[in-house]
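Right, one structure below, let's go through it.
The shown structure was predicted, so the numbers you read here are calculated from the model rather than taken from an experiment.
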Amino acid sequence: MEILTKEWNSYIESMKNAFSENKDWQEELDGCLEMAEDAKNGDEDALLDLAVYKMEHGIDFEECLSFIEEKGRQGDVYALTQLGFLYCTGVFNPFDDSKKSLMDISDVKNEEKSNSYFEKAAELGGVRAMATLVNHIWVYGRNQDSEDSENEEDSIQLTAEDFTKAEKLALKAIDIYENQKEKCDLSDSIIALLMGWLSDLYASKNPASSIYSQEKAEYWKNRSEKLTRE
């Protein structure tokens, strides 16, 4: 993958111009320059990080997307997870608003691709992917539990299997965090959020829920609050 391309250099120049007006760009600029330099010197992790950064910002998009997809086919959990985010959150470039047209996140096919990538990453032990899949079910669950929910006919209806799946993924992610922390790609604060989502899912009174338990809901609520305080 080419590193110092015309698009990349243009982005760096835009960042330097922004930095001259707002010092908050310093850390971002320094990180980009260091990442590109490490990648140029043969650091494979830095090269992947650079490809992901470029992809997310729409820089050399097709080349970077192809590079990361190949890494995903090789079973790279980080690449698979980032592809999952790409297809559900889209492309954002603070200096070129046209870049967002590179990814249509309203396309059902892209939503399916996103879930597929997260599923693959989760199967390979990706904790971030597991948490993201749990979050999706938690969001749908909260919407359906809300008395203010307006468009029920348009919303995704959860099944008993969805609740069971969310429970299984959350518990697996927490187990990796607690017993194989070197394999956990999430911070303590996000794990605390995950525990909170699990608590909410146990507390959900959705008729489809197969995991309803006030006792477990309270347990994970307390665990979440404790980890947040630590």
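The distance from the NE2 atom of H57 to the CG atom of D96 is 11.5 Å, given to the nearest 0.5 Å. Here the CZ atom belonging to F19 is positioned 7.5 Å from the CG atom belonging to D30, to the nearest 0.5 angstrom. Expressed to the nearest 0.5 Å, how far CG of L65 lies from CD of E69 amounts to 4.0 Å.
Using a 4.0 Å cut-off between charged nitrogen and carboxylate oxygen, K16 and E21 do not count as a salt-bridge pair. Remark: E70 engages R73 in a salt bridge, criterion side-chain N to carboxylate O under 4.0 Å. Between K221 and E218 there is no salt bridge, since no side-chain N of the basic residue sits under 4.0 Å from a carboxylate O of the acidic one. Checked for salt-bridge contact, E178 and R223 meet the test: a charged N lies under 4.0 Å from a carboxylate O.
In this structure, W8 and K54 have side chains that are in contact, with non-hydrogen atoms separated by less than 4.5 Å. Annotation: side chain of E7 is not in contact with side chain of F61 (no heavy-atom distance under 4.5 Å). Within the 4.5 Å cutoff, the side chain of L169 has no heavy atoms near those of the I137 side chain. Using a 4.5 Å heavy-atom threshold, the side chains of I191 and C184 count as touching. Between K168 and L171, every side-chain heavy-atom pair lies at or beyond the 4.5 Å cut-off. Looking at E111 and C88, their side chains never come closer than 4.5 Å, going by heavy atoms from C-beta outward. The side-chain heavy atoms of E230 and D188, taken from C-beta on, include no pair separated by under 4.5 Å. Residues Q82 and L86 have side chains not in contact (no heavy-atom distance under 4.5 Å, counting atoms from C-beta outward).
In this view, Y78 satisfies the ring-ring contact (aromatic ring centres under 6.0 Å, His included) rule with no residue, not counting sequence neighbours. Residues satisfying the ring-ring contact (aromatic ring centres under 6.0 Å, His included) criterion with F67, sequence neighbours excluded, are absent altogether. In this view, D49 satisfies the salt bridge (charged side-chain N to carboxylate O under 4.0 Å, His left out) rule with no residue, not counting sequence neighbours. Scored by the side chain to side chain donor-acceptor pair (under 3.5 Å) test, N179 finds D175 as partners (sequence neighbours excluded). Taking F95 as the reference, Y11, W25 meet the ring-ring contact (aromatic ring centres under 6.0 Å, His included) condition, with sequence neighbours excluded.
Side-chain contact check for E215 and S213: no donor-acceptor pair (N or O, by modelled atom type) lies under 3.5 Å.
Taking all atoms of both residues into account, the shortest heavy-atom contact from K71 to A79 is CB-CB, 3.7 Å.
Linking ILVMFWY residues whenever their side-chain heavy atoms come closer than 4.5 Å, directly or via other members, leaves V77 and I176 in distinct clusters.
Other residues, nucleotides and ligands place no more than 12 heavy atoms under 6.0 Å from the CD atom of E34.
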Side-chain donor-acceptor pairs under 3.5 Å in residues 116-130, sequence neighbours left out?
from: E119; atom 1: OE2; to: K165; atom 2: NZ; distance (Å): 2.2
from: R128; atom 1: NH2; to: D185; atom 2: O; distance (Å): 2.9

Report the C-alpha separation of H136 and Y140 in whole Å, then their side-chain angles, then the decisive distance to 0.1 Å, and conclude whether the ring-ring contact (aromatic ring centres under 6.0 Å, His included) test is met. CA-CA 6 Å; H136 288 173; Y140 293 138; 7.2 Å; no

